[in-house]
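Reading through the structure tokens given below for one structure.
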Amino acid sequence: MPRVRFAPSPTGFLHIGSARTFIFNWLYARHEHGTMILRIDDTDADRNTRESETSIFEGLQWLELDWDEQYRQSERLELHGQVAQAIFRKGLAYRDFTPAGAEEEKSRQEGAWLFNAEMRELSAEESDRRAAAGEPFVLRFRVPRDSPRDIRFRDSVYGEQSKSTADIEDFALLRSNGLPTYHMASCADDIDLGISHIIRGQDHLTNTFKHVLIFEAAGAAIPEFAHLPLLIAPDGSKLSKRRHGPVVSVTTYRDAGFLPQAFVNFVCLLGWSPKDDRDRMSVQEMVDAFSFEGINRSNAVVNFREDDPFDPKAVWLNAQHLMALAPEDLAGRLLPFLRAAGFEAEPGKLLRVAPLIRERIKTLRDVATAADFFFASELAPYDSAELIPQKGDAAMALLVLRAALPVLAAAEFTHPALDAALRAEAQRLGVKAGQMFQPIRVAVCGRKAAPPLFETLEVLGRETCLHRVDRAIHLLESRNEAVSHVDS
RNA sequence: GGCGCUAUCGUCUAACGGUUAGGACGGAGCCCUCUCAAGGCUUAAAUACGGGUUCGAUUCCCGUUAGCGCUACCA
């Protein structure tokens, strides 16, 4: 049974790239009926914040994906130290007493810094003596130097990988404050937690050679690796909080009214393909179809813009998922957005409205602009010119609306009955059906673009409809007066 | 600089040596239609460049170019 982990470091909000790494791990775990582990990699006390950790959980919760085990790296420091010690005792690591940020900097700038021979060759006696004297040191891995050999591993995405030890520097295992570095803590935990597959961003591909060295030194089995191509901005730069702001945060998608399943769908299609022509997929379909073979190797652009923070395909997918939702589910998700926009929405009514707007909204948040007239007690002001139908004039609008009043007052208030009655009235008046419907639509909705008229009337109810049509008539009358006044 | 990785329409991708290089988003057009949508149909749009290998290269190899990553006592 595979065991996989998502190991974010709490140094900012959960961004879309990290979320994708979580999703790929989760998809693999669920596909293989394995174990999904969440591990907070918080060994860098200087940069970790509690707020960031909270926001990461917030982001993960929104995804509606779960995990089976949870750990915090800072609570496992003892283990990391033990593994480091074991490596040290085997002579595979050494103490480096070079003060932090000392002259080494210069030689590093010039290029190939691999190790400091003086420290690497320090005698055991002197090393022990200086350590005992309390001199701070960094514990470094002693990368084999005598006869360079190739470190190899097979990546499930990128294939066979190899790198000469001659190109790997003596990296740190323990910092001078005694805390483990990422490499150390991560490998020690991966060993201890029995991680079988490490699925992470491609930015770790070259780090993996170091990790293989650590696994070997610790006498542990080497896990499988699957590195994911990176997500990048339209200009090719990597996604960053500083440069791209909140558009890279998953909570931005949440707050904009994306459905988690749509977000998961969008993100999993970035760098992975089911190899058939499917694009809109349910979470279960993604789980079923997921495999490392479907992951490709080149970076994927999240196609956002300054003026539009969301990739058009994400928006389209969201609309697709919105339409696939059961009305009750949709209404339930719409409600908080409606309330946030200041509408006193009653759930029963929303359930009737939801089917009318589902094909007309791209995000949940759109409900505020698409369904406002259902919930507002008074219509927002609109231009009376909107009431004038195609190839008609104000007089026609007035005629139609006046005629509509008694029909609306008398007809059975159902979709088919209203349809029949208003069509008949249009015919009687000698106007086209559209010319009849449009003024009523605007009178009732306050705008031209709206859901189908009869369902709308039905949901709105007789009283509201009569009131709004009446108001529209007054609007037109005062408009006519104004016009004739100008004419004379 | 060193090392590693990558390269198909604007974007996400399919084509594991032989296709008129396919699909999706977005764009354009048409249809449907009480508006707006949704839906349907049509259309423009790509194999970075140069060498090989091969009867035949998007596909395999080499080089160039470009991009990305690592090169921290960050992860």
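Side chains are part of it too, since the values below use all heavy atoms of this structure and drop only hydrogens, waters and symmetry mates.
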Which part of the nucleic acid does [X] contact within heavy-atom distance under 4.0 Å: base, sugar-phosphate only, or nothing?
X: A:N299; result: sugar-phosphate
X: A:M436; result: nothing
X: A:E386; result: nothing
X: A:D96; result: nothing
X: A:A450; result: base
X: A:G201; result: nothing
X: A:S9; result: sugar-phosphate
X: A:K448; result: base
X: A:V138; result: base
X: A:F171; result: nothing
X: A:S273; result: sugar-phosphate
X: A:Q161; result: sugar-phosphate
X: A:P136; result: nothing
X: A:P452; result: base

Quiz item: Looking only at atom C1', what distance separates B:G63 and B:G22, rounded to whole Å?
Solution: 31 Å

Counting side-chain heavy atoms from CB outward, which of [options] is closest to [X]?
X: A:Y158; options: B:C73, B:U6, B:C3; value: B:U6
X: A:K163; options: B:A7, B:C3, B:C12; value: B:C3
X: A:R423; options: B:A75, B:C34, B:U11; value: B:C34
X: A:N296; options: B:G22, B:C73, B:A14; value: B:A14
X: A:W113; options: B:G69, B:A72, B:A24; value: B:A72

Quiz item: Taking the nucleotide of RNA chain B with the closest heavy atom to each, which residue, A:Q202 or A:E169, is nearer the 5' end?
Solution: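 The answer here is A:Q202.
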
Quiz item: Between A:P180 and A:E455, which is nearer to the 5' end of RNA chain B once each is assigned its nearest nucleotide?
Solution: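 With A:E455 and A:P180 compared, the 5'-side residue is A:E455.
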
Quiz item: Given B:A75, is OP1 or OP2 found less than 4.0 Å from the side-chain N or O atoms of A:T43?
Solution: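 So the side-chain polar atoms of A:T43 do come within 4.0 Å of the phosphate oxygens OP1 or OP2 of B:A75, strictly under.
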
Could one point to a donor on the side chain of [X] or the base of [N] with an acceptor on the other under 3.5 Å away?
X: A:K313; N: B:A24; answer: yes
X: A:R441; N: B:C34; answer: yes
X: A:D203; N: B:A75; answer: no

Would you kindly give the [atom1]-to-[atom2] distance between [X] and [N], to the nearest whole Å?
X: A:F209; N: B:C5; atom1: CZ; atom2: P; value: 7 Å
X: A:L230; N: B:A7; atom1: CG; atom2: C1'; value: 15 Å
X: A:D167; N: B:G69; atom1: CG; atom2: P; value: 20 Å
X: A:I16; N: B:C12; atom1: CD1; atom2: P; value: 13 Å

Practice problem: Determine which nucleotide pairs with B:U53, using a 3.5 Å limit on both distances of a Watson-Crick or G-U wobble pair. | Solution: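 Checking every strand shown, B:U53 finds no partner, since no pair has both distances under 3.5 Å.
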
Practice problem: Using Watson-Crick or G-U wobble geometry with both distances below 3.5 Å, tell me the partner of B:A7, or none. | Solution: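 Checking every strand shown, B:A7 finds its partner in B:U65, with both distances under 3.5 Å.
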
Quiz item: Under the 6.0 Å and 45° cation-pi test, does A:R76 pair with A:Y71?
Solution: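 Yes, A:R76 lies over the aromatic ring of A:Y71.
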
Practice problem: Report the residue from A:T98, A:D96, A:D170, A:T181 that forms a side-chain hydrogen bond (donor to acceptor under 3.5 Å, both in side chains) with A:R140. | Solution: A:D96

Quiz prompt | A:H80-A:T43 side chain donor-acceptor pair, cut-off 3.5 Å | solution =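 Per modelled atom types, A:H80 and A:T43 side chains form no pair under 3.5 Å.
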
Quiz item: In a check of side-chain contact (heavy atoms from CB on, under 4.5 Å) between A:L27 and each of A:F290, A:F22, A:W272, which one passes?
Solution: A:F290

Self-check item: Between A:H211 and A:F225, ring centroids under 6.0 Å
Solution: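 So the answer is no for these two rings.
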
Quiz item: Taking the six-membered ring for Trp, is the centroid-to-centroid distance between A:F24 and A:F6 below 6.0 Å?
Solution: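 They do not qualify: ring centres at least 6.0 Å apart.
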
